[in-house]
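In what follows, a structure is listed as structure tokens, so that the remarks can point back to it.
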Amino acid sequence: MKLRRSFFARSVHDVAPELVGATLLVDRVGGRIVEVEAYHHEDPAAHSFGGRTARNASMFGPPGHAYVYRSYGIHWCLNFVCEEGSAVLIRALEPTHGLEEMAARRGTDEPRLLASGPGRLTQALGITRAYDGLALDRPPFELYAARETEIAVGPRVGITKAVELPWRYAEAGSRFVSRPIRPAPRA
DNA sequence: CCTGTGATCGTCT
DNA sequence: GACGATCACAGGT
């Protein structure tokens, strides 16, 4: 089932876990989303924390659109905008469509190295700042809802603020996540 | 398996 | 002028 724009017009904390297992294609190339992170505008780690700027304008735009930014001067990162200046960072895919194209863009055939990580993922899908602000329910994007799947939850990766918030969601047991989530401590 | 480090540049202070 | 929502590679364990 195709995801409609209204799917994203909710709290980022509801949308993010539901995206795990969804299929993301960009010009027919992509796979199943296996790892995401939620960023909320009241969250010090979010780009939208502190208000609107030229870079983060898309985060304050309508839900159901892309927010693409450059990371470390080198990589691109893809987010799905939700309500109120929040967004979901798409961190890893299990490649299913257009493997050859992804391998050519990435310079490797190793499946685990195609889209396991936000920078690798955008390179494999050909995402650049040119995709910033584009609607997610129209070409070149295609998004299909997830089936039921087991979700693991943990702290986000690579941030220095609000490091303790458990806003990273991954498919339990997937070998395509950028980094495994430590199993929850036993009671 | 792990840790450390350089690359590279737009954005905001 | 400092700092990243990262990655690839090198080297040690």
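Just so it is clear: chains get the letters A, B, ... in the order the sequence lines come, proteins before strands, and each one is counted from 1. All of these numbers come straight from a predicted model, not from anything done at the bench.
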Checking only heavy atoms, does the side chain of A:Tyr69 share a donor-acceptor pair with the base of C:dA5 at less than 3.5 Å?
-> yes

Measure from CZ on A:Arg179 to C1' on B:dC2 and round the result to the nearest Å.
-> 11 Å

What integer distance in Å separates A:Lys161:NZ from C:dC3:P?
-> 11 Å

When you measure from the centre of the six-membered ring of A:Phe7, is the NZ or CZ of A:Arg10 under 6.0 Å away and within 45° of the axis?
-> yes

What do you reckon, is CG of A:Asp109 surrounded by more than 12 foreign heavy atoms closer than 6.0 Å?
-> no

Atom CD of A:Glu100 with >12 non-hydrogen neighbours under 6.0 angstrom = no

Heavy atoms of other groups near A:Arg175 CZ, more than 12 under 6.0 Å | no

Report the distance from atom CG of A:Asn79 to atom P of C:dG4, rounded to the nearest whole Å.
-> 17 Å

To the nearest angstrom, how far is A:Tyr72 atom OH from C:dC7 atom P?
-> 10 Å

Hey, are A:Gln123 and A:Arg106 close enough side-chain-wise for a donor-acceptor pair under 3.5 Å?
-> yes

Assign the ring pair A:Tyr131 / A:Phe141 to parallel, tilted or perpendicular, where the plane angle (0 to 90°) is split at 30° and 60°.
-> perpendicular

Counting only heavy atoms not in A:Arg5, do more than 12 fall under 6.0 Å of its CZ?
-> yes

Could you go step by step and tell me if A:Arg91 and A:Ser178 meet the side chain to side chain donor-acceptor pair (under 3.5 Å) rule?
-> CA-CA 7 Å; A:Arg91 287 193 55 90; A:Ser178 67; 3.0 Å; yes

Which whole-number value in Å describes the distance from A:Ile159 CD1 to C:dA5 C1'?
-> 7 Å

Is the charged tip of A:Arg156 near the ring of A:Tyr39: under 6.0 Å from the six-membered ring centre and within 45° of its axis?
-> yes

What integer distance in Å separates A:Leu89:CG from C:dG4:P?
-> 16 Å

When the distance from CG of A:Asp132 to P of B:dG10 is rounded to whole Å, what number comes out?
-> 15 Å

Pairwise 5' ranking along DNA chain B for A:Arg129 and A:Ile74, keeping only the more 5' one | A:Ile74

Residues in residues 100-126 of chain A with a heavy atom under 4.0 Å of DNA chain B, by number, are none

Nearest-Å distance for atom pair CZ/C1', residues A:Arg70 and C:dC3 = 16 Å

Sort out the partner of C:dT6 for me: Watson-Crick or G-U wobble, both distances under 3.5 Å, none otherwise.
-> B:dA7

Check whether any side-chain N or O of A:Arg91 sits under 4.0 Å from OP1 or OP2 of C:dT6, and answer yes or no.
-> yes

Using a cut-off of strictly less than 4.0 Å between a heavy atom of the residue and any atom of DNA chain B, enumerate the qualifying residues of residues 31-61 of chain A by number.
-> A:Thr53, A:Arg55

